[in-house]
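Below is one structure; the comments refer to it alone.
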Amino acid sequence: MKIQNFLTLLVLLIFTPVKQMINLQNYMILAPANAITQVNKFPVGRIIEADGKVFLKRQNWSEYHPAFVGTELYAQDKIKLTSEANLIAICYANWKTWSLPKNSISQTMDGCLQAKSKCVETPDGCVPIDATRGINEVAITDQIPYLISPRHTLLLPDKPLILRWNPVAGATRYTVTIKSPSEYIWETEVSENQVIYSGKLPLKTGVRYTVIIHSDTEVSSLDEESPFSKQDYLGIGFGLISQSQKQEILAKSEELTQKLDGEARVISIAELYQQQGLNEEAIALLESFIESGNYTSAIYQMLGEIYQHIQLPGLAKDYYLKSAKLTEVDDVVGSAKIEAALGEVYATLGSKKEAIHWLKLAFNKYEKLGEFQRGDEVKLSLEKLQQQLGEE
């Protein structure tokens, strides 16, 4: 086999033009490395139920560490269960559950396939949903009626559309407008900081809608500069999924409802919604679970992640702090992720000292884990903030 491969390469070298040979060389060198990077870059599942002692070992870790409900899993992760332990994970590729046998060591890719990249159907085709998170400060304050919901989300059709925004001190009236890229759809005036859409025009699939709120204190939601990249299709706005997409998602949701209960059911369905861009549905489900008297670190963490994703750092911070208080002492993996996220949101809010505090905690834990790449990213953010603080 080695001789055959050598002869094939020799033929290519003899008969391939120089320019093509350079391209071929680049492909031969870069493709495998890029493929490995892509496999490990995005999570493929999440632990939704864990009883007993469950341990996790990532590709670059030297040893196993305890894992808990809410921990995301990557393709190369190894999971070890003791004889008394049980674990169920939800897989993002097909939304099936994966149960591991007791007293075993399994690799995540044995149970969960790599999930496809997220995108939203538009007139221009399937546009990727921007999932990037940064720590740049955002121009969002309590003095403006910034949109809370529906914000940076897709929505299920045929459901009441409730618009909600930040109440501004001293404001007694708000003018609310919904517009598409080509026309104004609806306008109303209210005294509260929420209203139900009652327009005669039905909202359409594949259209990006923008909500604009003006208060009688001469401030507007337009005073918030969009924190989303220009490549992000939804931005601060919202859109509707198609009826066929709705049926497919609801069918998967019903399947998970029949199979799971409690926290495992809520985490799985909320993750399903979020992965499909239905951030508003995910938030509603998670917050309803909390209102029913269920307070867990994993639920608070997921809410923090979604609010951070839709660029509402104040709400993200509140949920991350609640999650941090409930995180198990020996959950180094979960604590590091929450602390790093808190560092990000505090930096986004302009609170540099608090951001530095949380980033230091996260960096120490990533060093302990052997998560050097993530640790280096945190260290870079840390040094940048320390430099900025010294210059003030």
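Here the structure is a predicted model, which means the values were calculated and not measured.
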Should [X] and [Y] count as an ion pair when the cut-off is N to O under 4.0 Å?
{"X": "E183", "Y": "K179", "answer": "no"}
{"X": "R164", "Y": "E280", "answer": "no"}
{"X": "K159", "Y": "E281", "answer": "yes"}
{"X": "E224", "Y": "R151", "answer": "yes"}
{"X": "K252", "Y": "E255", "answer": "no"}
{"X": "K360", "Y": "E339", "answer": "no"}

### Query
When you measure from the side chain of D51 to the backbone N and O of A85, does any donor-acceptor pair fall under 3.5 Å?
no
Distance alone, cut at 3.5 Å: any donor-acceptor contact between the side chains of [X] and [Y]?
{"X": "T327", "Y": "S297", "value": "yes"}
{"X": "E84", "Y": "N103", "value": "no"}
{"X": "E271", "Y": "Q275", "value": "yes"}
{"X": "E305", "Y": "Y320", "value": "no"}

Taking atom [atom1] of [X] as the centre, report whether more than 12 heavy atoms of other residues, nucleotides or ligands fall under 6.0 Å from it.
{"X": "K379", "atom1": "NZ", "value": "no"}
{"X": "K259", "atom1": "NZ", "value": "yes"}
{"X": "K102", "atom1": "NZ", "value": "yes"}

Would you say [X] and [Y] are hydrophobically clustered, going by side-chain heavy atoms of ILVMFWY under 4.5 Å?
{"X": "I290", "Y": "I283", "answer": "yes"}
{"X": "V266", "Y": "Y295", "answer": "yes"}
{"X": "L155", "Y": "V207", "answer": "yes"}
{"X": "L326", "Y": "F289", "answer": "yes"}
{"X": "L73", "Y": "Y64", "answer": "no"}

### Task
Apply ring-ring contact (aromatic ring centres under 6.0 Å, His included) to the pair Y319 and Y307, showing each step before the final yes or no.
CA-CA 9 Å; Y319 281 117; Y307 275 119; 5.8 Å; yes
Is there side-chain contact between [X] and [Y], with at least one heavy-atom pair below 4.5 Å?
{"X": "L203", "Y": "L161", "value": "yes"}
{"X": "T177", "Y": "V211", "value": "no"}
{"X": "L382", "Y": "L380", "value": "no"}
{"X": "L359", "Y": "S381", "value": "yes"}
{"X": "L256", "Y": "R265", "value": "no"}
{"X": "R173", "Y": "V190", "value": "no"}
{"X": "K317", "Y": "E354", "value": "no"}
{"X": "I148", "Y": "L163", "value": "no"}

Heavy-atom closest contact ([X] atom, [Y] atom, distance):
{"X": "F363", "Y": "G375", "value": "CD1-O, 3.3 Å"}
{"X": "Y174", "Y": "E192", "value": "CD1-O, 3.3 Å"}
{"X": "Q274", "Y": "A282", "value": "N-CB, 4.2 Å"}
{"X": "G70", "Y": "R46", "value": "O-NH1, 2.9 Å"}
{"X": "C91", "Y": "G111", "value": "SG-O, 3.5 Å"}

### Task
Take the angle between the ring planes of Y92 and W95 and call it parallel below 30°, perpendicular above 60°, tilted in between.
tilted
### Plane angle bin for W186 and Y197 - parallel if under 30°, tilted between 30 and 60°, otherwise perpendicular
perpendicular
### Message
Using the ring centroid of each side chain, check whether W165 and Y146 are separated by less than 6.0 Å.
### Response
no
### Task
Tell me, with the steps shown, if K337 and T71 meet side chain to side chain contact (heavy atoms under 4.5 Å, CB included).
CA-CA 9 Å; K337 186 173 182 180; T71 301; over 6 Å; no
